[in-house]
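Only one structure is covered here, and it is reproduced in the block below.
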Amino acid sequence: MSKRIVKLMQGNEACVAGALAAGMKFFAGYPITPSTEIAEGSAEKLPEVGGKFIQMEDEIAGIAAAIGGSIAGFKSMTATSGPGFSLKQENIGYAALAEIPLVIVNVMRGGPSTGLPTSPGQGDVMQAMWGTHGDHPVIAISPQSVTEMYYETVRAFNLAEKYRTPVILMPDEVVGHMRERIEIPNADELEIFDRLKPVEGEDYIPYGVREGDLVPRMAGFGEGYRYHITGLFHDDMGFPTNSTVKAGVKINRLMAKITDNLEDLISYDEYLMDDAEIMIVAYGSTARTAKNAINKLRAEGIKVGMLRPITIWPYPVEATLARAKQVNKVLVVEHNLGQLMLEVERVVKSEAELHFLGRADGDVFVPSDIVKKVKEVL
Amino acid sequence: MKNSELVSKYMRDSRLPHIWCPGCGHGIIMHSIIRAIENLGLDKDKVTIVSGIGCSSRAPGYMDFNTLHTTHGRALAFATGIKLAKPDMKVIVISGDGDASAIGGNHLIHAARRNIGITTIVFNNNIYGMTGGQYSPTTPHGDFGTTAPYGNIDRPFDIANLAAAAGATYAARTTAFHATQMTNYIQKAIAHEGFSLVEAISVCPTYYGRKNKKGSAVAMMNFLKESFVDVKAAERMTPEQLQGKFLMGEFKHNTQLPEYSAEYQKIVDRLRKE
Amino acid sequence: MGNQFELRLSGSGGQGLILAGIILAEAAINSGLNAIQTQSYGPEARGGASKAEVIISDAEIDFPKVQDLNLFLALTQDACDKYIKGINPNGIVVVDDSITLPADLKAGKIYSLPIISTATDKLGKGIVANIVAIGVLTELIDVLTREQVEGAVLARVPKGTIDLNRSALIEGYALVNN
């Protein structure tokens with residue numbers, strides 16, 4: 001095995017590197033702070049590997065063209081931030097219903113509206129879950145470091161391809177823009193998943209699931225299977241249907257991608273939880289601040305630990321509930337005024353006392369803020 | 001090729017009958033598209049038809065190619081992704097007047113500007129049909145729609161010339177009455193390397209016709225016959241003779257400018273050589 | 001948590017202080033240490049106060065921003081006024097000699113040095129003021145050596161400017177040692 005390359009890398013740059021390692025061959029997007037480096041990096045690197053980059057006329061076109069690239073058979077990505085994420089919502093729903101693999105990166109900045117373009121935030125957590133209309137499967141991931149940007153981008157592509165669904169990668173601005181040390185893994189250290197293609201010689205049923213498969217197999221346009229893709233509810237052949245029976249089967253199968261595969265989808269991390277009496281729930285860069293605070297509190301003998309969701313949707317319900325039963329108090333810390341807190345509240349119920357620390361003014365928490373809050377709720 | 005043969009070769013007959021109203025002009029335009037494809041001898045596996053939302057956008061579902069029914073207005077953006085990813089694919093976009101020039105107007109002018117090798121066929125019936133007769137960007141000034149109960153005060157787009165001005169290298173307009181000419185234009189548009197657009201004037205007797213007292217479908221087809229004049233013929237006509245007439249014909253045909261996905265491929269080839 | 005050294009480099013947008021932060025972080029990583037670089041900036045590509053923060057450590061760095069400021073650099077009065085707060089009473093302050101420091105400033109060591117005029121007058125290129133500053137900081141940060149920093153600088157600057165940038169570093173070293 002060759003030696004890993006160690007270097008200083010920016011979070012957004014690591015996202016591009018991870019995407020290329022995962023096999024990204026197509027990127028379409030629109031420039032927006034603080035995600036633009038992902039477009040710039042893709043523009044530079046993709047043609048070198050025979051891939052394609054295009055800067056579209058707007059955010060909506062960015063995701064639409066990326067879906068087109070995926071339908072043509074290529075692993076595809078788009079990247080954006082707050083306002084652009086809002087604009088992309090309709091087509092996120094399209095990709096979910098039409099089952100098009102796609103990675104959407106949303107580097108979170110301060111909102112709402114144009115908000116605080118160069119400042120961090122975590123205010124898009126609920127939008128990732130509920131932003132597009134209708135019920136639909138959602139996978140959203142929040143990395144906390146440059147190294148995680150790399151690996152979680154790879155995982156986002158793998159999940160998109162495996163489950164034929166859009167996957168949203170949601171770093172906050174701090175993670176997108178900071179530079180830190182990363183060891184780039186060698187290609188043979190990574191497990192890469194490619195969408196399954198139709199079986200040759202078999203009749204192709206574009207939205208039928210073969211025995212033993214998780215999702216329908218996906219033919220790229222131009223590969224000899226002429227079929228129909230639509231954002232209308234459709235039958236197994238892909239054609240529009242108004243049948244409530246068929247629509248029910250379809251939506252239930254889509255939702256089951258998540259509910260039947262929680263173990264595969266959910267990723268989280270725990271820090272000093274075994275003897276903890278207080279559990280902090282935090283994600284992204286906020287979790288790093290919390291970790292620093294926990295070390296300070298532990299030095300004073302306060303038994304505090306952390307559960308850090310890496311997959312934020314689907315939320316790690318079981319793990320949170322198990323720990324909620326162990327601890328007395330749960331403190332959710334996030335860069336918004338209480339979004340994932342609502343999910344934690346739903347899960348924890350009366351198992352522990354729930355507290356919240358949030359801000360949405362563009363500035364970050366410092367560890368002493370969290371130390372102070374923990375002492376307050378003790 | 002006889003019509004029945006054309007239908008069984010290119011249509012998904014299990015999907016028929018279509019949803020369009022009696023007297024709708026859209027079927028004629030769809031027919032012209034498959035006739036043009038037959039004349040060009042294209043491989044069905046290498047043709048992708050993309051649409052947005054609206055009456056016209058249901059057409060791809062009936063046609064036996066790689067077909068993609070997208071979100072409202074966005075067909076050209078999806079199609080751009082497919083064409084760039086697979087430059088060998090013939091990509092045809094079917095769009096309505098509202099889909100192409102209102103909600104999708106930005107994508108139209110930018111696809112034209114890039115000169116990307118996509119053929120757009122705009123089924124222009126001057127109204128939003130699927131939602132029940134609201135005025136569109138091509139509803140004539142003074143006409144009525146359910147959202148223009150006192151007469152339309154908007155001025156209409158000339159879609160063919162809008163595309164030409166934005167950079168399309170082939171732009172033409174014809175009508176559902178002039179079916180042979182339509183096949184001819186669509187054929188030239190598909191064969192064209194850069195961005196091409198054919199504005200196909202359709203008729204909507206159900207909504208536009210009734211709202212504006214245009215008479216039967218036959219009367220509306222006769223109106224197309226009487227009121228559209230070829231641009232070349234119009235050059236020899238007096239302003240009085242041109243009163244109340246509309247222009248059709250080929251407004252632009254430039255084969256000199258480079259096609260977008262081919263230009264990108266040059267970058268890929270150059271970098272891969274280095 | 002191991003030994004952690006925290007720096008803040010500030011100036012006007014376009015002076016290259018974010019690049020300076022990146023270079024120092026790269027030098028640290030190339031010498032086997034851990035480092036993290038963050039920045040904050042306004043909408044201006046040029047002008048406006050901007051800052052880059054660098055943390056160098058021999059262990060994992062969790063909180064990515066400065067908590068205990070060990071070294072502060074400012075090249076403009078505006079940036080100095082805005083970003084000097086939080087300097088450790090034993091910390092090091094380096095400012096361009098055009099800057100007036102707060103009267104009540106408490107710091108371990110204060111260097112007021114002609115960084116900008118060295119770049120503009122002596123080297124004839126104002127644009128290398130950030131590299132002169134890196135030279136200064138190299139002499140003040142124990143864990144970085146001249147070789148590591150020079151390597152990191154030369155890897156980041158345009159090919160035709162290597163001699164100029166090397167001279168800028170040398171002038172920076174000299175500003176401290178004289």
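Nothing here was measured: the structure is a model prediction, and the numbers come from that model. Per chain, numbering begins at 1; letters A, B, ... match sequence-line order.
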Would you say that more than 12 heavy atoms from the other residues, nucleotides or ligands in this model lie under 6.0 Å from the CG of B:Asn3, or not? yes
Any donor-acceptor N/O pair, A:Arg226 side chain to B:Asn66 backbone, under 3.5 Å: no
Give, for atom CG of A:Leu97 and atom OG1 of B:Thr71, the distance between the pair rounded to the nearest 0.5 Å. 12.0 Å
A:Gln89, CD atom: more than 12 neighbouring heavy atoms under 6.0 Å: yes
Which portion of B:Arg113 sits near chain A, non-hydrogen atoms under 4.5 angstrom: neither
Within 6.0 Å of CD in A:Glu200, more than 12 heavy atoms from elsewhere: no
Portion of B:Thr70 that has a non-hydrogen atom of chain A nearer than 4.5 angstrom: both
With ring centroids as reference points, do A:Tyr94 and B:Phe78 lie under 6.0 angstrom apart? yes
May I ask you to test the A:Phe53-B:Leu84 pair for a side-chain heavy-atom distance under 4.5 Å? no
Report yes if the side chains of B:Gln265 and A:Pro47 come closer than 4.5 Å at any heavy-atom pair, otherwise no. no
A:Ile192 atom CD1: more than 12 heavy-atom contacts under 6.0 Å: yes
Quick one: which of A:Ile54, A:Ile71, A:Leu46 has the most heavy-atom pairs under 4.5 Å with chain B, could you say? A:Ile54
Could you tell me if the side chain of B:Arg74 sits less than 4.5 Å from the side chain of A:Asn91, heavy atoms only? yes
Any A:Glu48 side-chain heavy atom under 4.5 Å of B:Glu274 side chain: no
Of the backbone (N, CA, C, O) and the side chain (C-beta and beyond), which part of B:Leu271 lies under 4.5 Å from a heavy atom of chain A, both, or neither? side chain
Are the side chains of B:Arg15 and A:Pro240 in contact, using a 4.5 Å heavy-atom criterion? yes
Interatomic spacing from OG in B:Ser261 to NZ in A:Lys52 - rounded to 0.5 Å: 7.0 Å
Given side chains that start at C-beta, do those of A:Tyr227 and B:Thr67 come closer than 4.5 Å, heavy atoms only? no
Tell me, do B:His107 and A:Asp58 make a side-chain contact under 4.5 Å, heavy atoms counted? yes
Do other residues, nucleotides or ligands put more than 12 heavy atoms under 6.0 Å from the NZ atom of A:Lys7? no
Relative to chain A, which of B:Asp43, B:Asp64, B:Ile267 shows the most heavy atom pairs under 4.5 Å? B:Asp64
Compare every heavy atom of A:Gly69 with every heavy atom of B:Ala85, then report the nearest pair and how far apart it is. CB-CA, 4.2 Å
Name the region of A:Phe239, side chain, backbone, both or neither, that has any atom closer than 4.5 Å to a heavy atom of chain B. both
State the CD1-CD1 distance between A:Ile67 and B:Ile82, to the nearest 0.5 angstrom. 10.5 Å
Evaluation steps, side chain to side chain contact (heavy atoms under 4.5 Å, CB included), between A:Leu232 and B:Arg58: CA-CA 11 Å; A:Leu232 290 163; B:Arg58 291 303 183 96; 3.5 Å; yes
Quick one: pull up NE2 in A:His228 and OH in B:Tyr62 and give me the separation to the nearest 0.5 Å. 9.0 Å
Between B:Asp45 and A:Tyr225, does a side chain to side chain contact (heavy atoms under 4.5 Å, CB included) hold up when you go through it step by step? CA-CA 7 Å; B:Asp45 287 334; A:Tyr225 303 88; over 6 Å; no
Inspect the surroundings of NZ in A:Lys45 and state if more than 12 heavy atoms from other residues, nucleotides or ligands are less than 6.0 Å away. no
salt_bridge(B:Arg114, A:Glu57) N-O dist < 4.0 Å: yes
Counting heavy-atom pairs closer than 4.5 Å to chain B, which one of A:Ala98, A:Gly224, A:Ala64, A:Gly220 comes out on top? A:Ala64
Sort B:Lys46 into side chain, backbone, both or neither according to what part of it lies under 4.5 angstrom from a heavy atom of chain A. side chain
Within the structure provided, determine whether A:Glu223 and B:Lys86 are in side-chain contact (heavy-atom separation under 4.5 Å). yes
